[in-house]
Each structure stands twice: as structure tokens, then as C-alpha cells.
Amino acid sequence: MPELTEVEAFARAMTRWCGGRKVTALRLLDPTVQHTVERDVLGMTVRSVGRRGKHLILSLDDAELMIHLRMTGQLLPGEGAAFVRFVLHVQDAAPVQLIDPRRLAELHVLAPGGAARRLQGLGDEPYPELHPGLWWQTRLGHTRRPLKAALMDQALVAGLGNIAASEILWRAKLHPTRAANTLTEPEWSALAAAVHGFLHALMSTQDPERLVYIHRGGENPFSVYQRTRCPRCEGALARLTQQARSTYLCPRCQPAPLG
DNA sequence: TAACATGTTTGTCG
DNA sequence: ACGACAAACATGTT
């Protein structure tokens with residue numbers, strides 16, 4: 001399910017579900033799920049839960065548990081749901097199950113420091129700080145690729161996915177096909193504000209269900225994603241394909257690049 | 001039914 | 001070196 005905001009929500013939830021608790025078992029129910037096992041975590045305590053990009057990282061006494069939910073992974077307390085791929089059992093609390101119909105999620109049980117080592121090529125974090133326009137220009141401004149592709153490139157900035165990219169560019173009034181190296185200083189500032197505004201707005205919904213709304217029958221919390229009308233100008237939204245993914249935009253608010 | 005889906009990796013080609 | 005593109009993962013939803 002994840003983009004940055006959802007992984008962040010899961011990280012906070014995991015802190016409540018298993019933070020400070022001792023692991024009584026880690027069961028991999030489906031070995032076809034991509035996984036690594038460098039440690040036996042039995043008896044170790046979950047010291048903290050964090051996020052890096054779209055990766056969830058649990059720090060244990062002498063191990064790190066790194067989880068990537070990919071497109072359809074979810075974490076939920078309990079047992080016995082459909083499509084459970086692995087279960088983390090902890091002392092004096094409900095176990096936490098990873099549910100993932102498509103089996104794209106990953107689980108890595110690593111030695112301390114293993115997560116950071118594996119994530120060395122990952123770009124910097126856009127959340128929770130408000131970075132200035134120059135921060136964005138430094139990271140995205142050197143490539144001729146479309147702005148949306150640059151925003152989603154995890155090696156440049158970590159955590160922004162397909163939905164976030166559309167939403168952010170709409171907020172910033174920037175066209176998704178603009179070459180990233182053609183933005184002006186005020187446009188970089190607008191992008192910076194848009195990222196911060198979007199991420200914080202979503203995190204402050206105080207409603208975890210809204211963060212994992214897709215496939216849950218929930219209400220669409222987004223402004224342009226899978227919508228047909230622009231909330232700002234009321235004009236018809238457009239949809240185009242970039243990198244084989246859907247991009248939603250408002251042609252009136254986000255002027256197309258010349259040529 | 002066919003197309004599409006929140007992500008990433010790998011390989012090919014220009 | 002850079003960037004575009006396709007395929008692969010496996011299955012549910014529209």
C-alpha cells in the first residue's frame with residue numbers, strides 16, 4: 001500500500017503494536033516472498049520502529065527487521081487473515097501479520113546496521129522538514145527527465161510515489177512533463193511548499209484508514225488522483241501516461257511546457 | 001473481458 | 001553517462 005505517508009503511519013502503528021516487546025516468534029508462512037535471514041530474532045526486544053523512504057525498519061537488540069510493503073502489503077494485528085505472508089509474534093500483545101495478495105512485499109532480518117547499508121543509494125528524506133527550494137533544485141535540478149519521474153526517483157528523494165507525485169505537482173501548479181532542469185527559482189520554492197503541504201496534510205488526517213484507503217472502499221482523500229474535476233478551478237482534469245503509470249493533472253492550473 | 005493497479009529491479013536499446 | 005522503454009513479480013478491482 002505504501003507511499004511515504006502510509007509507511008510512516010505503519011511505523012507509528014508498529015510502535016504501538018510491538019514497541020518495547022519481546023519477539024516470541026517470527027513465522028514466514030510463504031517462503032516465496034523475497035526475504036533475507038541473517039539473525040534469529042527470538043527473544044530480542046523491539047527497541048524502536050522507524051521509516052526510511054518507503055522502508056519500515058524495526059531495530060531489535062542485535063538485529064534489524066526491514067520490511068517493504070511494495071504495492072499491496074499491509075500490516076495488521078491479529079492472525080489468520082487471507083494472504084498472510086509472515087507473522088511477528090510478540091509477548092503480551094497480539095501478533096502482527098503482513099498481508100499481501102500479490103506477494104511483492106519483502107522481509108529482511110539483518111545484522112545491526114544492515115538496513116542502512118542496504119539503503120545507501122537511497123535519496124534524502126522529504127519529510128517531515130520543510131526544505132527550501134534550493135534543496136529540491138540541488139537534488140532534482142540536474143536532470144532533463146520529466147519532473148514527475150525525478151520526483152519518484154528514490155535515489156534522488158526517498159518516499160514519493162505515483163500518487164504523491166501527481167498531487168504535489170498539482171499543488172505546485174507544475175506540469176508533470178516539464179524537464180526537471182528547466183524550473184525557475186520560484187518554481188522550486190512552489191515545489192518545496194507543495195511537498196510539505198501534501199505530506200503534512202495527509203499525515204494530519206488523524207485517520208489511519210484514510211491513509212490506506214485503496215482497496216478498503218474508503219473515500220478518496222486526494223485532490224486529483226482518480227478524480228475528474230479540479231478542486232481549484234473546477235475544470236476537467238486530464239490523465240496521461242508517464243513511465244507506464246497514470247499521471248493526473250489539471251491542464252488549466254498546470255501549464256504545459258512549450259515546444 | 002480487458003485494462004489497470006500505491007513499487008522496484010533488471011535488462012535492452014539509442 | 002543519460003534516458004526511454006519493456007518485462008517481471010502475482011492477483012484483485014473496475
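Reminder, nothing fancy here: chain letters follow the sequence lines and each chain counts from 1.
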Whole-Å distance between dT14(C) P and Gln226(A) CD?
9 Å
Base, sugar-phosphate, or nothing for Arg85(A), non-hydrogen atoms under 4.0 angstrom?
nothing
Roughly how far apart, to the nearest Å, are dA7(C) and dA3(B) at atom P?
14 Å
Among dT6(B), dG3(C), dG12(C), which is the nearest nucleotide to the side chain of Ile163(A)?
dT6(B)
What closest approach, in Å, do Trp188(A) and Ala180(A) show between heavy atoms, and which atom pair accounts for it?
CZ2-O, 3.2 Å
Nearest of dT8(B), dA5(B), dG7(B) to any side-chain atom of Arg239(A)?
dA5(B)
Between dT6(B) atom C1' and Glu8(A) atom CD, what is the distance in whole Å?
17 Å
Polar-atom pairs under 3.5 Å, protein N or O versus N or O of nucleotides 6-8 of chain C: list them with distances, or write none.
none

Under 4.0 Å, heavy atoms only, any strand: does Thr32(A) hit a base, just the sugar-phosphate, or nothing?
nothing
Any salt bridge between Asp92(A) and Lys22(A), counting N to O under 4.0 Å?
no
Student check: side-chain heavy atoms of Leu75(A) and Leu69(A) closer than 4.5 Å:
yes
Just to confirm, is there a sub-4.0 Å distance from OP1 or OP2 of dG7(B) to any side-chain nitrogen or oxygen of Gln154(A)?
no
Measuring to OP1 and OP2 of dT6(B), would you say a side-chain N or O of Lys54(A) lies under 4.0 angstrom away?
no
Sugar-phosphate only, base, or nothing, as touched by Gln34(A) at under 4.0 Å among non-hydrogen atoms
nothing
Charged N to carboxylate O below 4.0 Å: is that the case for Arg12(A) and Glu8(A)?
yes
If you check every side-chain atom of Asn162(A), which of dA4(C), dC2(C), dG7(B) has the closest atom?
dG7(B)
Quick one: closest heavy-atom pair of Leu249(A) and Pro251(A), and the distance?
O-CD, 3.6 Å
Check every strand shown and say whether Arg245(A) touches a base, only sugar-phosphate, or nothing at a heavy-atom separation below 4.0 Å.
base
So, does His68(A) get its side chain near the phosphate of dG7(B), meaning an N or O under 4.0 Å from OP1 or OP2?
no
Take atom CG of Leu69(A) and atom P of dA10(C), then tell me their distance rounded to the nearest Å.
18 Å
Nearest listed nucleotide, side chain of Tyr225(A), among dG7(B), dA4(C), dT6(B)
dT6(B)
Rounded to the nearest angstrom, tell me the gap between atom CG in Leu119(A) and atom P in dT9(B).
10 Å
Looking only at atom P, what distance separates dA6(C) and dC4(B), rounded to whole Å?
13 Å
Presence of salt bridge, Asp30(A) and Arg85(A), under 4.0 angstrom:
yes
May I ask you to say whether Arg70(A) pairs ionically with Glu106(A), meaning some side-chain N is under 4.0 Å from a carboxylate O?
yes
Rounding to a whole Å, what distance do you find between Phe83(A):CZ and dT11(C):P?
8 Å
Could you check whether Tyr127(A) and His200(A) have their ring centres less than 6.0 Å apart?
yes
For dT6(B), the nucleotide meeting Watson-Crick or G-U wobble distances (both under 3.5 Å) is none
Restricting to side chain to side chain donor-acceptor pair (under 3.5 Å), what partner residues turn up for Arg21(A), sequence neighbours left out?
none
At less than 4.0 Å, is any side-chain N or O atom of Thr72(A) found next to OP1 or OP2 of dA5(B)? Yes or no.
no
Is the base of dA5(B) touched by the side chain of Arg102(A) through a donor-acceptor pair closer than 3.5 angstrom?
yes
So which atom in Glu125(A) and which in His131(A) form the shortest heavy-atom distance, rounded to 0.1 Å?
O-NE2, 2.9 Å
Leu160(A) CG - dT8(B) C1' separation (whole Å):
15 Å
Any residue in residues 122-130 of chain A with a heavy atom nearer than 4.0 angstrom to DNA chain C? Just list them by number, or reply none.
none
N/O (side chain, Ser246(A)) to phosphate O (OP1/OP2, dA5(B)) under 4.0 Å
yes
From CD of Gln74(A) across to P of dT6(B) the rounded distance in Å is 15 Å
Lys/Arg cation over aromatic Trp135(A): Arg139(A), 6.0 Å, 45° cone:
yes
Could you state the atom-to-atom distance from CZ of Arg70(A) to P of dG12(C) in whole Å?
18 Å
